[in-house]
Amino acid sequence: MIISVTMNPSVDISYRLEEFRLNGVNRVENVLKTAGGKGLNVARVVHLLNSPVMATGILGGTIGDFIESQLQLDGISHDFLKTDQESRNCIAILHDGNQTEILEAGPTFSKQEEMQFLQHYSKLLEKGEVVTISGSLPRGLEASLYSQMILLAKQQQIPVILDCSEKILKQVLDFQEARPLAIKPNIDELNELLNLQVSADDINGLREAVSHSCFSGIDWVLVSLGAKGAFIKYLDDYYFARIPKVPVVNPVGSGDSVVAGLAVAILQKKTVENVIKTAMTTGVLNAMETQTGFVNSEKFDFVYSQIEIQKI
Ligand code: ADP
């Protein structure tokens with residue numbers, strides 16, 4: 001089973017307005033509320049690929065209940081640690097071709113809640129075969145939590161795929177004792193991490209970047225390049241994955257879908273080429289759908305057959 005961790009989930013609310021009246025009353029007819037968070041997208045895509053998954057993290061209050069009810073509707077197994085602090089709403093107001101976002105900071109957790117979560121997570125690991133950890137952390141929790149989670153998984157020989165960015169990624173990478181099996185930065189996140197400006201077409205630059213010593217001990221470094229595919233380092237080998245041109249509807253969540261594809265292929269102990277092709281296929285399939293973190297598995301074989309892998 002794949003355990004998909006989302007420490008900072010939210011209810012994503014989208015308000016579509018004809019016109020935004022600042023300092024006035026805005027009545028909304030078009031309201032969309034969904035369970036948000038990168039790890040929840042991963043869980044949904046794994047589920048849509050017919051692989052076993054358990055979504056976890058910390059949830060609380062009526063917003064937490066709503067997130068669970070959405071997972072229930074999608075048929076996704078979940079086992080979150082419950083707190084009495086309300087989970088957060090993230091609001092996007094779509095108006096006049098603009099998007100104004102209001103993001104709640106959400107709960108602040110204590111050391112005690114961190115310990116409780118680690119106990120909860122350790123229990124789940126008894127049934128886990130692959131772990132994915134996605135996204136940012138709520139206030140009160142630090143990158144060391146991710147390092148501890150990686151360490152606990154490692155003690156059970158369970159591989160971890162980590163998808164986070166900025167300070168958290170840097171701090172987890174700085175901790176040499178707990179290496180994830182795989183990380184999936186996009187090109188912007190890679191550049192930010194290493195303070196570079198490598199472009200998606202610069203194969204030598206990408207090769208040099210993924211060879212940076214901060215990635216030592218990590219088997220898979222998959223740098224996603226949006227519509228240009230991905231550049232991958234697996235152990236001492238380098239690959240470029242080219243993807244087909246497809247009708248793109250909404251690429252938001254494609255990175256999460258890549259993580260889901262990676263997790264499924266690693267769970268199934270596929271070959272290197274198959275792992276890369278599966279991850280690219282799920283990313284592309286997500287970009288073809290309206291819903292964030294959603295794939296149509298009926299189109300899987302069609303897209304998969306068009307992914308080209310070149311060993312560099
Ligand atoms: P993130 O969502 O983390 O920023 P990317 O935008 O790099 O990640 O996308 C991840 C993967 O999703 C890409 O490697 C590719 O397989 C697929 N993808 C993303 N955008 C497109 C697109 N416009 N057309 C086709 N596939 C895409």
Side-chain angles (χ1 to χ4, degrees), residues 4-48 53 55-109 113 132-141 163-166 168 186 248-257 259-260 286-295:
S4 163
V5 181
T6 318
M7 295 309 297
N8 212 2
S10 58
V11 170
D12 292 345
I13 304 177
S14 132
Y15 293 147
R16 197 174 281 279
L17 299 173
E18 287 294 320
E19 176 199 356
F20 181 52
R21 294 197 191 96
L22 191 67
N23 201 28
V25 175
N26 293 275
R27 294 188 196 281
V28 196
E29 282 175 22
N30 240 320
V31 181
L32 183 67
K33 293 187 186 179
T34 53
K38 289 165 68 65
L40 299 186
N41 293 337
V42 174
R44 191 178 314 105
V45 173
V46 169
H47 178 70
L48 290 166
V53 67
T56 190
I58 309 183
L59 284 181
T62 52
I63 298 176
D65 291 345
F66 179 82
I67 292 172
E68 281 195 322
S69 70
Q70 292 289 299
L71 290 169
Q72 206 79 32
L73 277 177
D74 287 342
I76 299 167
S77 303
H78 51 87
D79 190 351
F80 284 81
L81 177 73
K82 299 292 168 47
T83 88
D84 45 18
Q85 294 189 64
E86 190 76 42
S87 296
R88 64 192 183 131
N89 282 319
C90 291
I91 301 171
I93 306 170
L94 310 168
H95 57 100
D96 312 301
N98 298 310
Q99 179 160 339
T100 302
E101 296 194 15
I102 299 168
L103 310 179
E104 291 180 18
T108 302
F109 293 121
E113 280 159 320
T132 67
I133 301 176
S134 304
S136 59
L137 285 159
R139 288 178 298 173
L141 302 180
D163 183 16
C164 60
S165 57
E166 298 176 8
I168 301 176
N186 64 27
V248 174
V249 181
N250 172 22
V252 179
S254 285
D256 303 333
S257 306
V259 170
N286 176 77
M288 295 166 71
E289 300 293 325
T290 323
Q291 195 185 332
T292 297
F294 187 87
V295 297

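Note that the coordinates shown come from a computational prediction; the quantities given were computed from them, not determined experimentally.
Residue pairs that meet the ring pair (Phe, Tyr, Trp, His ring centres under 6.0 Å) test with at least one member in residues 60-90, sequence neighbours left out, do not exist here. Within the structure, salt bridge (Lys or Arg N to Asp or Glu O under 4.0 Å) pairs that include any residue of residues 39-48 comprise Arg44-Asp74 (at least two apart or interchain). Sorted pairs that involve residues 94-108 and meet salt bridge (Lys or Arg N to Asp or Glu O under 4.0 Å), not counting sequence neighbours, are lacking altogether.
Here the closest heavy-atom approach between residue Ile63 and residue Ser87 is recorded as CD1-O, 3.0 Å. Residues Asn286 and Gly253 share a closest heavy-atom pair of ND2-C, 3.2 Å. Between Ile67 and Ala35, the closest heavy-atom pair is CG2-CB, 4.1 Å. Lys38 and Ser134 get closest at one heavy-atom pair: CB-CB, 3.7 Å. Shown here for Ser257 and Val45, the closest heavy-atom pair between the two residues is OG-CG2, 3.6 Å. Nearest heavy-atom pair, Ala43 versus Ile76, reported as atom, atom and distance to 0.1 Å: CB-CG2, 4.1 Å.
Note that CD1 of Ile91 is 10.5 Å distant from OG of Ser14, once rounded to the nearest 0.5 Å. A distance of 11.5 Å separates CG of Leu137 from OG1 of Thr6, quoted to the nearest 0.5 Å. In this structure, OG1 in Thr290 is found 7.0 Å from CG in Asn250, a value given to the nearest 0.5 Å. The CG atom of Asn41 sits 10.5 Å away from atom OG1 of Thr132, with the distance rounded to the nearest 0.5 Å. With rounding to the nearest 0.5 Å, the separation of CG in Asn26 from CZ in Arg21 is 6.5 Å. To the nearest 0.5 angstrom, Asp12 atom CG is 10.5 Å from Gln70 atom CD.
Shown here are the salt bridge (charged side-chain N to carboxylate O under 4.0 Å, His left out) partners of Lys82, two or more places apart in sequence or in another chain: Glu68. Qualifying side-chain contact (heavy atoms from CB on, under 4.5 Å) partners for Val31, counting only residues two or more places apart in sequence or in other chains: Ile13, Tyr15, Val28, Lys33. For Ser136, the side-chain hydrogen bond (donor to acceptor under 3.5 Å, both in side chains) criterion is met by Asn8, not counting sequence neighbours.
Applying the 6.0 Å contact sphere to CD of Glu18 captures no more than 12 heavy atoms from other residues, nucleotides or ligands. Counting heavy-atom neighbours within 6.0 Å of Arg139 CZ, excluding the residue itself, gives a total above 12. By the neighbour-count criterion of 12 heavy atoms within 6.0 Å, atom CD of Glu29 is sparsely surrounded, having that number or fewer from other residues, nucleotides or ligands.
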Exercise for review: Apply side-chain contact (heavy atoms from CB on, under 4.5 Å) to Leu17 and Leu94, showing your working.
Suggested key: CA-CA 6 Å; Leu17 299 173; Leu94 310 168; over 6 Å; no
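Under a 3.5 Å cut-off, the side chain of Glu19 and the backbone N or O of His95 do not form any donor-acceptor pair. Between the Glu289 side chain and the Val249 main chain, no donor and acceptor come within less than 3.5 Å of each other. Here the side chain of Ser10 pairs no donor or acceptor atom with the backbone of Arg88 at under 3.5 angstrom.
Residues Glu113 and Thr83 bring no donor and acceptor atom of their side chains to less than 3.5 Å of each other.
In this structure, the side chains of Gln85 and Phe109 come closer than 4.5 Å at one or more pairs of heavy atoms.
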